2 protein chains.
Amino acid sequence: MAEHSRARSTTKRAPITRETVLAAALELADAEGATALTMRKLADRLGVEAMSIYYHVPNKEAILTGLVDLVFAEIELPTAEHGWRPAMRDRAVSTRTVLVRHRWAIGLMDSRRDPGLATLRHHDAVIGAFRAGGFSIAGAAHAFSALDSYIYGFVLQELSLPFESSEELTEVAEGIVTEMPTGEFPHLTEMAVGHALLPGYSYANEFEIGLDLILDSLEQRLPLPGWGEKAISR
Amino acid sequence: MAEHSRARSTTKRAPITRETVLAAALELADAEGATALTMRKLADRLGVEAMSIYYHVPNKEAILTGLVDLVFAEIELPTAEHGWRPAMRDRAVSTRTVLVRHRWAIGLMDSRRDPGLATLRHHDAVIGAFRAGGFSIAGAAHAFSALDSYIYGFVLQELSLPFESSEELTEVAEGIVTEMPTGEFPHLTEMAVGHALLPGYSYANEFEIGLDLILDSLEQRLPLPGWGEKAISR
DNA sequence: AAGGTAATCTTACGGCGTAAGGTCTATGAG
DNA sequence: CTCATAGACCTTACGCCGTAAGATTACCTT
């Protein structure tokens with residue numbers, strides 16, 4: 001009984017830190033969604049009272065900011081090894097995977113103004129991969145903006161679709177189609193019936209189609225003035 | 001004094017309806033942001049008590065859903081008149097303009113699963129313009145997804161930039177550059193110093209660059225199998 | 001044993017969305 | 001003119017939220 005110091009009921013609880021707070025917040029958000037991420041529930045999960053968290057973190061905003069950086073840390077960094085195109089393709093796929101795994105993250109990204117270290121590291125690696133591939137500074141900026149806009153926007157749409165499984169899709173789409181005033185939205189109806197309701201359809205497949213669309217265009221722009229490096233050094 | 005019915009202080013207040021509620025909510029969100037949109041503040045603006053709103057609207061969620069549809073109603077519908085490309089370009093620009101005008105709207109789009117009438121009308125018109133331009137159903141779906149992903153994602157990034165004016169940009173970027181551990185993020189630093197900090201830079205300019213990137217690719221895909229209509233009717 | 005300090009807890013406040021039920025007021029029937 | 005009805009609005013209250021202020025505990029140093 002070297003350490004009988006454990007008081008009443010707690011069995012020498014491990015101390016909480018900024019890191020354990022963020023880890024618990026990540027778990028909680030993954031398990032129950034962003035709206036369930038409250039200081040009191042987070043404290044419960046940490047075996048602590050809500051106000052104790054404030055010793056390690058200035059306020060809830062800081063937790064959300066930290067969470068976004070944790071998410072960025074999960075994204076595969078691009079390497080320039082096999083060329084900018086496969087590097088960017090893999091990164092895009094990885095980004096989407098991570099953002100879908102943490103569905104609450106995309107909603108935290110707007111209104112969050114201070115990037116964390118992992119975020120900066122990620123951005124730096126992306127720009128570096130474009131530069132190594134021969135893009136000029138401006139070209140890399142264009143490419144970065146276009147690609148990331150597409151990725152974030154796709155996830156944003158994907159996560160707000162009115163269904164999750166293809167059974168739900170069928171249900172919802174049939175509802176839209178049948179209860180529409182006849183012929184009011186003919187093209188929407190046509191697409192639902194002749195495309196989205198077909199067996200095996202999944203919106204997720206659209207991701208790589210649009211991704212390759214953008215990558216193709218970037219490849220074509222690269223040799224153009226304003227996009228590629230004027231002179232390859234050495 | 002034909003109508004002396006006005007009680008105490010109120011001067012025969014106009015009755016509130018679902019429409020006036022939504023209009024007031026739009027004003028409030030525009031003026032003070034999404035977090036300021038509370039039932040009590042909204043009631044104040046309507047000259048009414050908070051609970052009275054619930055006579056016209058089932059809950060706050062319904063207000064948010066209605067707001068998103070109001071925003072969609074502001075977006076220019078594409079017309080197939082001058083071809084799908086300029087139609088889609090104008091629509092994209094209009095969409096971004098509207099979403100920037102109502103900065104809170106993009107944050108409401110995720111987690112909102114039931115499209116309103118204006119939203120459906122918009123989507124129908126977009127698909128219609130692609131179809132009229134010769135895209136197959138699948139091709140129109142690809143094009144729609146890619147383009148809208150880009151638009152929403154761009155606005156999402158644009159609105160979460162850590163600055164609003166170019167003075168703020170200078171300030172923030174200089175902060176990042178100078179306080180970085182020397183050389184930890186060389187490409188980020190290079191882009192800040194050699195691009196984003198140059199006089200006259202504005203991220204907003206990137207929008208049309210990326211937009212044309214996608215439109216170019218779509219134009220190239222159109223004749224390809226799986227994108228264009230197999231046989232033009234008649 | 002005493003004191004200091006880091007970590008946690010208690011209490012409280014104002015604001016949130018909204019459930020439940022009460023109160024006006026215009027209208028139209030008798 | 002009276003009065004029941006029903007629509008529009010209000011009052012009160014509940015449980016939840018983020019967090020300010022200050023008290024309390026646990027442990028280390030001397």
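Lettering follows sequence order; numbering is per chain, from 1. None of these values were measured; they are calculated from a predicted model.
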Quick check for you: among D:dT19, D:dT11, C:dT8, whose closest atom lies nearest to any side-chain atom of B:M51?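 From the listed options, D:dT11 comes nearest.
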A:R40 (side chain) and D:dG18 (base): donor-acceptor pair under 3.5 Å: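 Result: at least one qualifying N/O pair found.
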Expressed in angstrom and rounded to an integer, what is the separation of [X] atom [atom1] from [N] atom [atom2]?
X	N	atom1	atom2	value
A:Y54	C:dA7	OH	P	18 Å
B:E49	C:dC16	CD	P	13 Å
A:M39	C:dT8	CE	P	13 Å
B:L46	D:dC10	CG	P	10 Å
A:I53	C:dT8	CD1	C1'	11 Å
B:I16	D:dG7	CD1	P	16 Å
B:D44	D:dC10	CG	P	11 Å
B:K60	C:dA19	NZ	C1'	17 Å

Answer yes or no: does a side-chain N or O of [X] lie under 4.0 Å from OP1 or OP2 of [N]?
X	N	result
A:S52	C:dA7	no
A:T38	D:dC17	yes
B:H56	D:dG7	no
A:Y55	C:dT8	no

Does a side-chain N-to-carboxylate-O contact under 4.0 Å join B:D148 and B:R91?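 A salt bridge links B:D148 with B:R91.
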Taking every non-hydrogen atom, the tightest pair across A:A36 and A:K41: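 Scanning both residues completely, I find the closest heavy atoms to be O-CD, 3.3 Å.
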Apply side-chain contact (heavy atoms from CB on, under 4.5 Å) to the pair A:F144 and B:E206, showing each step before the final yes or no. CA-CA 10 Å; A:F144 190 12; B:E206 294 288 351; over 6 Å; no
Quick one: do A:V98 and A:T95 satisfy side-chain contact (heavy atoms from CB on, under 4.5 Å)? Show the steps, please. CA-CA 5 Å; A:V98 169; A:T95 302; 6.0 Å; no
Less than 4.5 Å apart, side chain to side chain, heavy atoms only: is that true for A:M191 and A:L188?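 No, too far: nothing below the 4.5 Å cut-off.
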